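Below: the structure, in structure tokens.
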Amino acid sequence: MPLHVYNTLSRAKEEFKPLQPGRVGIYVCGPTVYGHPHIGHAKSYVSFDAIIRYFRYLEYKVLYVQNITDVGHLTDDADEGEDKIEQRSKIDKVHPMQIAEEYTQSYFEDMDAMGVLRADIYPRATGHIIEQIQMVEELLRNGFAYEVDGSVYFDVRKFGEYGKLSGRVLDEMVAGTRVDKRSDKRHPADFALWKKAEPGHIMRWISPWGEGYPGWHIECSAMSMKYLGQQFDIHGGGMDNQFPHHECEIAQSECATGKPFVKYWLHNNLVTVNGHKMGKSLGNFITLKDAFKKYDPLVLRFFILQSHYRSTLDYSDQAVQGAQTGYEKLINTVRNLRDELTTHPPAERNTDVSSAVNSLKAKFLSAMNDDFNTPQAIAVLFDGVKEVNQLLGGDVKKAFPELNAFDAFFDNCAGEILGILPDKLDAQALEGGSLEPTLVELLLRVRDAARTEKAFALSDKIRDGLSQLGIIVEDRKDGTRWRKS
RNA sequence: GGCGCCGUACCCAAGUGGUAAGGGAGAGGUCUGCAAAACCUUUAUUCGGCGGUUCGAAUCCGCCCGGCGCCUCCA
């Protein structure tokens, strides 16, 4: 089955057909950098990372753009609140750009730890003020926007298709919307393209309408089109951005260019904690830095990929711990497999293709082709784990071709595509040049001698002591192995 | 109030017309001095409830119950 993706725009799974053969242009809404990233960010960016990795695995030439929002994102009431970055900067008494810089770095740090590959371009909103102004001018020229006292608003009633992404009807929307009597807007759903900067506002730029700053939605339209063209394949982001953010992006972009904006809209679902949405404003969010204190970042990545990107994911210690145990099982098996292949290399490289592995790989790819069904793909990985462990427990020499094929399978599927294999998996790898491995092995030789003399009290003492230092000792039929926990 | 999503074992979670994946936890067994790891067996006659369509439904339709999301910033 060819790749199918769920398109929010059509509310259906569609076969993926790129605008240009062999190429994929994708834009994913990035973070607003005014705080440390949390588990919710991780779900979004890990999900899209797996998606990007899969496109690359399928040998598409991918151009992946992700914005960094460092201006224009307001708190509270749309278009009436305070800029989030600027608000934070006042609390911390530093320049807004210091806030943006600090949390951008924090974001990259956490994403790197989780094996999220960097996007090709990370445009900053403040670095694209000119492009945004140009787009606002274009919208004014085309009659889709109006200026009031130094601010420019998009006139939603001029765009008949407004609401097509989120399935909203303008007239019905008004009923539930708070209407600010003082607002300059002609229609409550109109949104700011450019805002006049009040005195005291720090982040401000010169524009044809006086000093001001860009609205939140305009940055994504201006920057995505700058790097991906007026039309591109995929736009992704969290479900909570479907409305109003993405709806507004469509309106602005299509009115500015007169062309359909994005072919496929992909939205990941949200993370809940105790059944409730986790959000910055709700104060119930768990930052990644806190989560990393308890769990390996790759365990969290695995936990995220064990549920589908369009499903909600409920975060709980019980659930993550379960994922951790499962993850360790997977990693252990891959480690043992590689260990076996390197310590007892086969006399000759057998290139026979194993049908068992091929069948698993086909299942894996077919799961990924079905709208990136990573939970199902991971289940296939575990089928492989079982088979490998059986082979490792049997006649290893005979199974070598098969084991080789499995090694490649895990490399491709778990490593390259899902990104859940650690960089260094070498069985007993410790920091290079360290005395540690030598010492551990010395201790294990002493322990082995004790075991031969049935001095089990002593041998157990060594094992327990090493265990407390984070070194796991396992006695197997063919000798004692150790690894770091 | 409007729009939408979800409810699968003790927990997490796939499956969306052909007779219940996977992970964790539990139970029994093999191996082992023990432990760990691994392997084998086992754990939902059943998918929130009630009706309907169908040869056949967890999957489609209707109603009801329960939970959540968006409609205001949020990944």
Side-chain angles (χ1 to χ4, degrees), chain A residues 11 28-32 34-35 37-48 73-82 84 163 166-169 171-178 180 189 216 236-245 267-272 275-282 285 302-303 306-308 310-316 318-330 332-333 336 363 367 370 373-383 385-386 388-390 392-394 451 454-457 459-460 463-464 467 472-477 481 483:
Chain A
R11 269 159 263 273
V28 173
C29 278
T32 299
Y34 68 107
H38 53 64
I39 306 281
H41 292 104
K43 174 163 167 76
S44 186
Y45 302 121
V46 164
S47 297
F48 283 105
H73 202 160
L74 307 183
T75 60
D76 275 335
D77 276 314
D79 309 329
E80 300 298 337
E82 194 176 358
K84 291 185 173 190
S166 54
R168 270 156 231 269
V169 183
D171 299 333
E172 287 174 3
M173 269 169 43
V174 182
T177 308
R178 252 190 283 164
D180 189 339
W216 174 39
M239 252 177 179
D240 46 352
N241 273 334
Q242 195 175 312
F243 188 88
H245 187 52
H267 289 100
N268 64 274
N269 216 317
L270 307 179
V271 173
T272 58
H276 290 273
K277 175 185 163 178
M278 174 166 75
K280 285 183 180 175
S281 52
L282 295 175
F285 64 91
F302 176 80
F303 173 65
Q306 239 186 339
S307 86
H308 189 88
R310 283 194 292 114
S311 302
T312 52
L313 175 65
D314 197 53
Y315 182 90
S316 71
Q318 195 184 17
V320 182
Q321 263 151 21
Q324 172 164 297
T325 313
Y327 178 72
E328 279 165 4
K329 177 178 181 168
L330 169 69
N332 257 331
T333 299
N336 291 339
K363 277 190 198 167
D370 183 12
N373 194 331
T374 55
Q376 205 164 64
I378 287 174
V380 176
L381 246 35
F382 277 100
D383 290 340
V385 163
K386 195 170 197 170
V388 167
N389 281 325
Q390 284 168 342
L392 287 175
R451 292 179 70 215
K454 299 202 189 301
F456 295 123
S459 70
D460 288 352
R463 185 173 62 197
D464 292 347
S467 164
I472 293 168
V473 175
E474 289 174 8
D475 298 319
R476 304 191 201 174
K477 279 179 188 162
R481 301 288 177 85
R483 63 186 157 88

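Note that this is a predicted model, so its numbers are computed, not measured. Lettering follows sequence order; numbering is per chain, from 1.
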Report the residues that fulfil side chain to side chain donor-acceptor pair (under 3.5 Å) with [X], sequence neighbours left out, ordered by chain and then residue number.
X: T32(A); answer: H73(A)
X: D314(A); answer: T272(A)
X: N332(A); answer: R335(A), R483(A)

- Which residues pass the side-chain contact (heavy atoms from CB on, under 4.5 Å) test with A379(A), sequence neighbours left out?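 Not a single residue meets the side-chain contact (heavy atoms from CB on, under 4.5 Å) criterion with A379(A).
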- Task: Tell me, please, which residues at least two apart from D240(A) pass side-chain contact (heavy atoms from CB on, under 4.5 Å).
- Result: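 Expected list: L270(A), K277(A).
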Could you list all N or O pairs between the protein and nucleotides 4-8 of chain B that sit under 3.5 Å apart?
none

Quote, to the nearest angstrom, the [atom1] distance that separates [N] from [M].
N: rG28(B); M: rU46(B); atom1: C1'; value: 24 Å
N: rG29(B); M: rC12(B); atom1: C1'; value: 27 Å
N: rC65(B); M: rG18(B); atom1: P; value: 31 Å
N: rA58(B); M: rG66(B); atom1: P; value: 24 Å
N: rG69(B); M: rC10(B); atom1: C1'; value: 27 Å
N: rG48(B); M: rC40(B); atom1: C1'; value: 35 Å
N: rA44(B); M: rA9(B); atom1: P; value: 12 Å
N: rC50(B); M: rC55(B); atom1: C1'; value: 23 Å

- Could I get the full list of salt bridge (Lys or Arg N to Asp or Glu O under 4.0 Å) partners for D370(A), not counting sequence neighbours?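 Checked D370(A) against salt bridge (Lys or Arg N to Asp or Glu O under 4.0 Å); matches are K13(A).
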- Message: Holding to salt bridge (Lys or Arg N to Asp or Glu O under 4.0 Å), I want the full list of residues that pass it with D460(A), two or more places apart in sequence or in another chain.
- Response: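 Result, salt bridge (Lys or Arg N to Asp or Glu O under 4.0 Å) vs D460(A): R463(A).
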- Query: How close do A319(A) and F303(A) get, heavy atom to heavy atom, and via which atoms?
  - Reply: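 That would be CB-CE1, 3.7 Å.
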- Closest heavy-atom pair and its distance - H308(A), P375(A):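 Residues H308(A) and P375(A), closest heavy atoms: N-CG, 3.4 Å.
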Provide, to the nearest angstrom, the distance between the [atom1] atom belonging to [X] and the [atom2] atom belonging to [N].
X: N268(A); N: rC70(B); atom1: CG; atom2: C1'; result: 14 Å
X: M239(A); N: rG69(B); atom1: CE; atom2: C1'; result: 8 Å
X: H267(A); N: rC3(B); atom1: NE2; atom2: P; result: 20 Å
X: Y315(A); N: rA75(B); atom1: OH; atom2: P; result: 18 Å
X: I378(A); N: rG24(B); atom1: CD1; atom2: P; result: 13 Å
X: D240(A); N: rG69(B); atom1: CG; atom2: P; result: 11 Å
X: E328(A); N: rG22(B); atom1: CD; atom2: C1'; result: 18 Å
X: F243(A); N: rA75(B); atom1: CZ; atom2: C1'; result: 18 Å

- Please figure out whether N332(A) or A323(A) has its closest RNA chain B nucleotide nearer the 5' end.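 Upstream on the strand: A323(A).
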Between the protein and nucleotides 39-41 of chain B, are there any N/O to N/O pairs under 3.5 Å, and if so, what are the atom names and distances?
{"unit_1": "rC39(B)", "atom_1": "OP1", "unit_2": "N389(A)", "atom_2": "ND2", "d": "3.4"}
{"unit_1": "rC39(B)", "atom_1": "O3'", "unit_2": "Q390(A)", "atom_2": "NE2", "d": "3.3"}
{"unit_1": "rC40(B)", "atom_1": "OP1", "unit_2": "Q390(A)", "atom_2": "NE2", "d": "2.5"}

With 3.5 Å as the limit, what N/O pairs link the protein to nucleotides 10-21 of chain B?
{"unit_1": "rC11(B)", "atom_1": "O2'", "unit_2": "Q318(A)", "atom_2": "OE1", "d": "3.2"}
{"unit_1": "rA14(B)", "atom_1": "OP1", "unit_2": "H308(A)", "atom_2": "N", "d": "2.9"}
{"unit_1": "rA14(B)", "atom_1": "OP1", "unit_2": "S311(A)", "atom_2": "OG", "d": "2.9"}
{"unit_1": "rA14(B)", "atom_1": "O3'", "unit_2": "N373(A)", "atom_2": "ND2", "d": "3.1"}
{"unit_1": "rA14(B)", "atom_1": "O2'", "unit_2": "Q376(A)", "atom_2": "NE2", "d": "3.0"}
{"unit_1": "rG15(B)", "atom_1": "OP1", "unit_2": "N373(A)", "atom_2": "ND2", "d": "3.0"}

Under 4.0 Å between any heavy atoms, over every strand shown, what does [X] touch: base, sugar-phosphate, or nothing? Just pick one.
X: H276(A); value: sugar-phosphate
X: Y327(A); value: nothing
X: G237(A); value: sugar-phosphate
X: V271(A); value: base
X: M278(A); value: base
X: G326(A); value: sugar-phosphate

- Message: With heavy-atom distances below 4.5 Å as the criterion, would you say the side chains of H38(A) and H41(A) are in contact?
- Response: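 A side-chain contact exists here, since the closest heavy-atom pair is under 4.5 Å.
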- Taking the side chain as every heavy atom from C-beta outward, state whether Y315(A) and M278(A) have any atom pair closer than 4.5 Å.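 Not in contact.
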All N/O pairs under 3.5 Å across the protein-nucleotides 31-36 of chain B interface:
{"unit_1": "rG33(B)", "atom_1": "O6", "unit_2": "R451(A)", "atom_2": "NE", "d": "3.2"}
{"unit_1": "rG33(B)", "atom_1": "N1", "unit_2": "D460(A)", "atom_2": "OD1", "d": "3.0"}
{"unit_1": "rG33(B)", "atom_1": "N2", "unit_2": "D460(A)", "atom_2": "OD2", "d": "2.7"}
{"unit_1": "rC34(B)", "atom_1": "O2", "unit_2": "R463(A)", "atom_2": "NH2", "d": "2.6"}
{"unit_1": "rC34(B)", "atom_1": "N3", "unit_2": "R463(A)", "atom_2": "NH1", "d": "2.9"}
{"unit_1": "rC34(B)", "atom_1": "N3", "unit_2": "R463(A)", "atom_2": "NH2", "d": "3.4"}
{"unit_1": "rC34(B)", "atom_1": "N4", "unit_2": "D475(A)", "atom_2": "OD2", "d": "2.9"}
{"unit_1": "rA35(B)", "atom_1": "N6", "unit_2": "D475(A)", "atom_2": "O", "d": "3.1"}
{"unit_1": "rA35(B)", "atom_1": "N1", "unit_2": "D475(A)", "atom_2": "N", "d": "3.1"}
{"unit_1": "rA35(B)", "atom_1": "N3", "unit_2": "R463(A)", "atom_2": "NH1", "d": "2.9"}
{"unit_1": "rA36(B)", "atom_1": "N1", "unit_2": "D475(A)", "atom_2": "O", "d": "3.4"}

- Message: I'd like to check the ring pair (Phe, Tyr, Trp, His ring centres under 6.0 Å) partners of F48(A); sequence neighbours left out, ordered by chain and number.
- Response: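 Once residues adjacent in sequence are excluded, F48(A) has no partner under the ring pair (Phe, Tyr, Trp, His ring centres under 6.0 Å) criterion.
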- Message: My understanding is that a pair needs two contacts under 3.5 Å, Watson-Crick or G-U wobble. By that rule, which nucleotide pairs with rC60(B)?
- Response: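 With both distances under 3.5 Å, rC60(B) matches rG52(B).
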- Is a side-chain donor or acceptor of T325(A) paired with a backbone partner of Q321(A) at a separation under 3.5 angstrom?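 Such a contact is found between T325(A) side chain and Q321(A) backbone.
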- For the atom pair CG (L313(A)) and OG (S47(A)), what is the distance rounded to the nearest 0.5 Å?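 So the CG of L313(A) and the OG of S47(A) are separated by 9.0 Å.
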- Any idea how F302(A) and Y327(A) line up, ring-wise: parallel (<30°), tilted (30 to 60°), or perpendicular (>60°)?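 Taking Y327(A) first and then F302(A), their aromatic rings sit tilted (interplane angle of 30° to 60°).
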